Amino acid sequence: MTIYRCRVLDTPDDPFAGGTLRADDDAGLLVQGGVIAERGAFADVAARHPGESVTDLRAGVLLPGLIDTHVHYPQVRAIGGLGMPLLDWLDQCALPEEQRLAEPEYARAVAREFLTGLTSAGTTTALVFGSHYPDAVDALFTEADRVGTRVTAGLVVSDHNLPEPLLSTPERSYREGRALAERWHGHGRLRYAVTPRFSYSTTSDMLASCADLLSDVPGLWFTSHVNENPAEIAAVADLFPGAANYTDTYAKHGLIHRRSVLAHNAHPRDEELHLLGEVGASIAHCPTSNSALASGSFPLRRHLDHGVRVALGTDVGAGSGFSLFKEGLQAYFMQQLLKEDGVPLTPAHLLHLATRAGATALGLDDVGDLSAGRRFDAILVQPSAAQPLDVCLRHAASAENALAKIFSIGTPADVARVWIDGDIVVA
Ligand code: GUN
Ligand code: ZN
């Protein structure tokens, strides 16, 4: 057992539903077997457990581990392809790189780089878009298992409209996906997500095979992309004349439910929001990606009005890096620029979107904040002395203001320590 003495910020109560930032200046978190067994004022917790070892973290700020609900493993080396809209960026940046993961040694190297990217940014849980190649997905799970990160991921499947080496068939995709799901779903902290790339690159038969896999292996997750870019949406409408809208291309096959997480949704129709809200599906909002590809401004207000769950994704490599602080800041900017159509986001909203909202989207009840009873997934933000964030934190007017400073100028370099299940994680 260890008592962590810390300045801690978290958002157990949803700020979109009236909750506020929980800030404790001198808390004690008693961690036993990876679980926060007790939380209270440090003096009280220490008095109840005399002689227990104490780790003093007050030189930094303790936050819950960050949760990335949309990030592409094979795109680490594709970060930074600026100046293109989605379909051109896929052709010129992402898809050439993704084909290189056909080579298992290359895939293993990228898997290591990817897990390092997550961990060093303070991401302890992620819903990961895998690779089109089963061996590469195996390499991802193997590395995530070694590092200890909570990863939900799967084989990416497509059967048209992509370069030929990335294509498969519904039968082969089912077979390969099933073998991976049987190997990894429920292994340690890992889970499997059925992952058609997007309706633009999948036929109805492929989506039907995805539905078969979801129903044949209990508890799998579903992830894909939706309503990202106007040209993409128009092409999907042409490819699926029988579907009422983009979401319906998936919903028709029974793919939209509580365990579905769709990235982007920058251009939804009301009836799509209605369905997503009704079934409890989630949207991974990826603001740096939406900005870099000029995909569009995320209509957060309309999502909230329809009761749609929203969390944050970095969307590496269209997104500009692994930092959920940067995504939070960009989400804030985007809503500001929407003026009266935007949602004014407070630091508490940003922290919630980067932590507890992600846990809720991913159906993980035991992480996302640092309440007693949750697993100890946490990060220590502790900038180097005299760096601007260090100066800012020492002069913060309040806990809210300190959090605003962390989201404004915090980077992976400021994440000094990362714990998952009480263990220090090193990638
Ligand atoms: N839609 C289909 N594939 C992708 C991808 O790799 N990145 C993004 N941003 N959108 C996609
Ligand atoms: Zn994506």
Side-chain angles (χ1 to χ4, degrees), residues 68-101 110 114 117-118 126-133 136-137 140 152-163 166-168 193-203 206-207 210 221-236 239 246-247 249-250 260-267 282-298 311-322 324 327 330 361:
D68 189 341
T69 60
H70 186 75
V71 54
H72 292 252
Y73 140 58
Q75 295 179 6
V76 183
R77 300 183 188 190
I79 293 171
L82 301 178
M84 286 162 270
L86 173 66
L87 297 176
D88 294 341
W89 178 83
L90 285 172
D91 279 348
Q92 293 173 40
C93 290
L95 302 180
E97 172 64 13
E98 293 207 21
Q99 291 172 61
R100 299 190 183 108
L101 275 82
V110 173
F114 179 74
L118 292 179
L127 175 57
V128 178
F129 234 78
S131 163
H132 290 265
Y133 303 108
V137 177
L140 168 68
T152 305
L155 180 71
V156 180
V157 302
S158 290
D159 60 347
H160 72 155
N161 276 345
L162 292 185
L166 296 174
L167 298 180
S168 183
V194 176
T195 312
R197 185 161 199 130
F198 56 162
S199 291
Y200 180 81
S201 67
T202 52
T203 63
M206 182 60 98
L207 294 175
C210 290
W221 283 71
F222 175 78
T223 192
S224 192
H225 296 92
V226 75
N227 289 323
E228 181 174 1
N229 163 291
E232 168 218 17
I233 297 166
V236 168
L239 290 165
Y246 200 146
T247 307
T249 61
Y250 303 122
S260 306
V261 182
L262 297 172
H264 304 304
N265 214 26
H267 307 280
S282 300
I283 295 299
H285 170 36
C286 307
T288 72
S289 165
N290 294 165
S291 305
L293 300 177
S295 299
S297 295
F298 183 66
L312 281 181
T314 59
D315 199 26
V316 160
S320 61
F322 285 90
L324 282 157
E327 292 304 325
Q330 189 66 25

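Numbers for residues simply follow the sequence, beginning at 1. Both ligands and their constituent atoms are indexed starting at 1 by order of listing. Every heavy atom of this structure was used, including side-chain atoms; hydrogens, water molecules and symmetry mates were not. Keep in mind it's a predicted model, so treat the numbers as computed, not measured.
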Fill in: Residue Cys286, metal the Zn ion (ligand 2), N/O/S under 2.8 Å
no
Item to complete: Give the C-alpha distance, both sets of side-chain angles, the deciding distance and a yes or no for side chain to side chain donor-acceptor pair (under 3.5 Å) between His72 and Asp315.
Response: CA-CA 6 Å; His72 292 252; Asp315 199 26; 3.1 Å; yes
Worksheet item: Are His70 and His285 close enough that their ring centers fall under 6.0 Å?
Response: no
Fill in: Between Phe129 and His225, ring centroids under 6.0 Å
yes
Practice prompt. Enter the distance from Glu97:CD to Leu90:CG here, rounded to the nearest 0.5 Å.
Written response: 13.5 Å
Worksheet item: Just going by heavy-atom distances, which of His225, Glu232, His70 is nearest to atom 11 (C) of ligand 1?
Response: His225
Fill in: Heavy-atom side-chain contact between Phe222 and Thr195 under 4.5 Å
no
Worksheet item: Are any of the side-chain nitrogens in Arg197 or Glu98 under 4.0 Å away from the carboxylate oxygens of its partner?
Response: yes
Response to the item:
Taking the Zn ion (ligand 2) as the apex, Asp315 OD1 and His72 NE2 span an angle, rounded to 10°, of 90°
Item to complete: Would you give the angle at the Zn ion (ligand 2) between His70 atom NE2 and His225 atom NE2, to the nearest 10°?
Response: 100°
Worksheet entry | Leu90: numbered ligand 1 atoms lying under 4.0 Å from its heavy atoms | 3 (N), 4 (C), 5 (C), 6 (O)
Worksheet item: Quick check: does Glu228 put an N/O/S atom under 2.8 Å from the Zn ion (ligand 2)?
Response: no
Discussion item. Is the shortest side-chain heavy-atom distance between Tyr200 and Leu87 below 4.5 Å?
Written reply: yes
Fill in: Metal site the Zn ion (ligand 2): N/O/S of His264 inside 2.8 Å
no
Worksheet item: Are Phe322 and Phe114 near enough that their ring centres are under 6.0 Å apart?
Response: yes
Practice prompt. Under 4.0 Å from a heavy atom of Asp315: give me the atoms of ligand 1 that qualify, with their elements.
Written response: 8 (C), 9 (N)
Practice prompt. Could you find the nearest protein heavy atom to atom 10 (N) of ligand 1 and give me its residue, atom name and distance?
Written response: Glu228 OE1, 2.7 Å
Worksheet item: To which of Glu98, His264, Arg197 does the heavy atom nearest atom 6 (O) of ligand 1 belong?
Response: Arg197
Practice prompt. For ligand 1, indicate whether the residue Trp89 contacts it via side chain, backbone, both or neither (heavy-atom separation under 4.0 Å).
Written response: side chain
